[in-house]
Every structure is written in C-alpha cells, then in structure tokens.
Amino acid sequence: MSDTSYLSLDKLTLSYGKTVAVRDLDLDIRKGELLALLGPSGCGKTTTMRSIAGLMMPTGGHIRLDGVDITRVAANRRAVGLVFQSYALFPHLSVFENVAFGLKLKGLRGAELDRKVDAGLKSVGLADFSARRTPELSGGQQQRVALARAMVMEPKVLLLDEPLSNLDARLRLEMRTELQRVQKESGVTMIFVTHDQIEALALADRIVVMKSGAIEQIGAPEEIYNHPASRFVADFVGFENIFEIRNGNLMTPKGEVVLPQAMPHAAGLAWRPRAVALGTGPWSAKVRGISFAGGTREYVLDTPLGVIKAEVDAALPAHAIDTDVVFDLPVENAAVLKRFG
Ligand SMILES: Nc1ncnc2c1ncn2[C@@H]1O[C@H](COP(=O)(O)OP(=O)(O)OP(=O)(O)O)[C@@H](O)[C@H]1O
Ligand SMILES: [Mg+2]
C-alpha cells in the first residue's frame with residue numbers, strides 16, 4: 001500500500017464457489033480520484049465492485065479504506081455508495097423521497113433532511129423535480145436521481161457500475177459530463193465501471209484495464225491510448241493493425257518481415273488505422289473496402305502483410321475499390337508493445 005492511497009485492494013481474490021473471478025488484485029486509489037475499470041464482459045469488474053461495497057466477501061486479500069481495514073466490515077458500515085446500471089429507484093415514491101430514503105434510515109428528519117436532499121437534487125440539476133414520481137422521468141433524469149441518492153449519503157467512495165449503459169447516445173454524453181462535474185465539485189473518490197473505452201478515456205483520471213480477473217495495465221488515459229502495454233490493451237483501445245515481433249522480425253500472416261530498425265525490447269508493434277501512411281511507402285496493396293466516416297475515409301487493404309486498415313483525411317482524393325495503392329507502416333508511428341498477450 002502506498003502512502004497516498006485512500007482505497008487499497010491488496011492481493012484481493014474473489015471466487016464464486018470454485019470459480020475464481022478475480023485473482024491477487026493489487027490496486028491503490030488516491031483520494032478524490034476518478035478511476036475507470038475497463039474490460040470485456042466477464043473480466044471481473046462487477047465482482048471487484050461488489051467486494052468493495054461489502055456485498056461479497058473475498059476469499060483472499062484485504063481492502064483498506066481511509067486507513068481502516070474494511071475487509072470484514074458489513075456493507076452498511078463502509079461509507080461506500082453504489083449506483084448500478086438499473087437504478088432501482090422506488091417507483092411509488094417521489095424524487096424527493098427516493099433521495100431522502102437512506103438519510104431517513106440514518107435518522108435524519110426535518111430541516112436538515114430537507115436541506116441535504118435539496119442540495120443533492122440541485123447538484124444534479126433536478127431541483128424542480130422533487131415532487132415527481134420517478135416513472136415520470138426520462139432515463140437520464142432517473143440516473144441523476146440515483147446519483148443524488150448515493151451522493152447525499154456522503155460516501156467515502158462512490159462506485160458506479162455501467163451507470164450510463166441504459167441511456168441513448170446523446171443522454172450518455174450529457175450524463176458523462178454531468179458525472180464528471182459532480183465528481184470534481186464534490187471531490188468524492190469514484191470508481192466507474194465501463195466496457196466502453198471512449199467513456200473511460202473521456203472521464204477517468206486513471207484507467208485500469210482488466211482481463212480475466214487480473215489487471216492488464218494501469219495508466220492515465222493518454223498513456224493507455226498511446227502506449228498500450230500488450231496486444232490485449234492495444235486491441236481494446238482501437239489499434240487495428242497489430243503484429244508480433246520475434247527475433248527482430250515482424251510476424252505477419254503472410255510471413256516474416258525484417259524491421260528497418262532493431263527493436264530489442266518490443267514484443268509487438270501496433271498501428272492505429274490513421275498511423276498507416278497511404279500513398280507513399282515500400283508496400284503495395286489492393287483496396288478491398290472503403291467507407292466514408294465524416295472527416296476521414298477508412299480503407300481495408302489487401303497487402304503482403306495481410307489485411308491492413310488505414311484511415312486518411314476525407315479531403316484527400318479517394319482511392320477507388322480494387323485499385324492499387326502503396327503504403328507504409330512507419331515504425332515511428334507505432335505503439336511498442338512490451339507483451340504480446
Ligand atoms: N453469481 C455468480 N456465480 C458464479 N459465477 C459468477 C457469478 N457472477 C459472476 N460470475 C463469473 O465471474 C466472472 C466475472 O464476472 P463479473 O460480473 O465480475 O464480470 P464483468 O466484468 O462485470 O462483466 P460485464 O461487463 O458483462 O458486466 C465471470 O466469469 C462470471 O461468469
Ligand atoms: Mg458487470
């Protein structure tokens with residue numbers, strides 16, 4: 001555990017019967033940090049959150065929060081808030097009553113209760129909706145109620161498990177900004193689960209990429225986006241052209257290619273489609289697919305290195321399907337993978 005750590009998971013192992021869902025997980029989270037847990041379905045994101053919330057006892061390891069070992073502390077005594085994908089609001093209660101629910105259980109009444117609930121609703125932009133019943137709200141508004149309900153409890157850590165996945169694209173974007181604002185204004189430590197890399201990159205201070213119950217890479221969004229450590233992470237954050245390096249050679253589906261320079265510490269190289277240089281370079285290719293993507297045009301190329309995806313400015317003249325083009329994979333544009341797992 002590092003000195004600056006507010007929440008630490010230490011060799012955390014979580015199992016369902018004989019199935020180990022999370023193994024030996026170490027993670028230190030700073031106070032006020034917004035951390036995203038990113039990973040494919042089944043990698044252990046929800047399981048990790050459940051254990052932090054106290055809804056699941058670890059089979060190994062420890063959880064510490066604000067200097068206290070909470071591994072065996074009951075869920076309702078942890079000061080950990082939870083917001084799930086399905087917000088589980090009470091449909092028969094008003095917005096006010098939904099947000100007041102937990103505070104009332106804690107014994108709050110009268111003016112203090114009103115003040116806290118009003119402040120909570122104001123912070124999520126729902127001050128005028130307190131008398132409405134929750135089924136009369138939009139999806140985004142319901143999600144705001146769920147957020148206010150968790151925030152008024154003043155949790156030390158707020159866990160959000162795919163909170164935006166029920167919303168349509170526009171609302172998602174709006175709620176993403178809202179979440180970020182609420183988090184920065186309140187300073188609450190937040191862990192946000194998503195399997196959407198764009199969401200994680202846009203929101204988080206740091207991203208934890210998980211794979212099969214273990215951490216694959218931790219880093220700031222720029223680091224994860226530009227310097228994925230492994231093939232798995234590169235693939236997950238949108239590198240479409242990924243090659244292993246063996247004995248200094250690029251391993252392609254059509255044979256080995258000698259690299260123009262030695263890369264002794266690289267296990268692989270990966271290029272985003274827009275890192276591919278089209279119209280110049282030593283390789284020839286046939287255009288097999290072309291799609292217009294607004295500002296850019298995306299090409300699928302049949303090449304001596306296998307299928308390559310390239311993306312170029314749409315203002316440039318288009319290459320027609322079945323024509324020949326030349327291209328390069330400039331090594332200086334590649335992400336260098338330390339592992340090829
Ligand atoms: N109640 C359960 N009983 C047995 N196995 C479970 C249970 N819940 C989850 N698992 C298993 O534990 C592993 C991790 O599941 P978890 O729900 O944490 O994944 P996740 O990363 O949240 O995935 P998703 O993105 O689909 O929500 C999976 O292999 C899953 O099948
Ligand atoms: Mg999940």
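All ligand and atom numbering here is 1-based and tracks the order in the structure.
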Where on His195 is there a heavy atom closer than 4.0 Å to ligand 1, on the side chain, on the backbone, on both, or on neither? side chain
Are any of the N/O atoms in Cys43 less than 3.5 Å from those in ligand 1? yes
Would you verify whether the NZ or CZ of Arg30 falls within 45 degrees of the ring axis of Tyr6 while also being under 6.0 Å from that six-membered ring's centre? no
Proximal atoms of ligand 1 relative to Thr46 (non-hydrogen, under 4.0 Å): 17 (O), 18 (O), 20 (P), 22 (O), 27 (O)
Within-cutoff protein neighbour (heavy atom, under 4.0 Å) for atom 31 (O) of ligand 1: no
Quick one: look up the protein heavy atom nearest atom 18 (O) of ligand 1 and list residue, atom name and how far away it is. Thr47 OG1, 2.5 Å
Just say parallel, tilted or perpendicular for the rings of Phe243 and Trp271, cut-offs at 30° and 60°. perpendicular
Considering only heavy atoms of Glu162, which atoms of ligand 1 have at least one such atom less than 4.0 Å away? 25 (O)
Among all protein heavy atoms in this structure, tell me which lies nearest to atom 2 (C) of ligand 1, with the distance rounded to 0.1 Å. Tyr16 CD2, 3.3 Å
Quick check: does Thr48 get an N/O under 3.5 Å from an N/O on ligand 1? no
Under 3.5 Å between some N or O of ligand 1 and some N or O of Gly39? no
Would you mind checking which non-hydrogen protein atom is closest to atom 23 (O) of ligand 1, with the distance to 0.1 Å? Gly42 N, 2.7 Å
Run the numbers for me: atoms of ligand 1, each under 4.0 Å from some heavy atom of Gly44, listed by number. 14 (C), 18 (O), 19 (O), 20 (P), 21 (O)
Heavy atoms, side chains only, cut-off 4.5 Å: are Ser230 and Glu216 in contact? yes
Under 4.5 Å between any side-chain heavy atoms of Asp10 and Arg64, yes or no? yes
Polar contact flag, side-chain donor to acceptor under 3.5 angstrom, Asp324-Ser284: no
Within 45° cone of Tyr299 ring axis and under 6.0 Å: Arg288 NZ or CZ: no
Can you tell me if, anywhere in Thr46, an N/O/S atom lies at a distance from the Mg ion (ligand 2) that is smaller than 2.8 Å? yes
Can Ile308 and Phe327 be said to form a side-chain contact (heavy atoms from CB on, under 4.5 Å), step by step? CA-CA 10 Å; Ile308 294 284; Phe327 74 99; 4.3 Å; yes
Should we say atom NZ of Lys286 is surrounded by more than 12 heavy atoms from elsewhere, each under 6.0 Å from it? yes
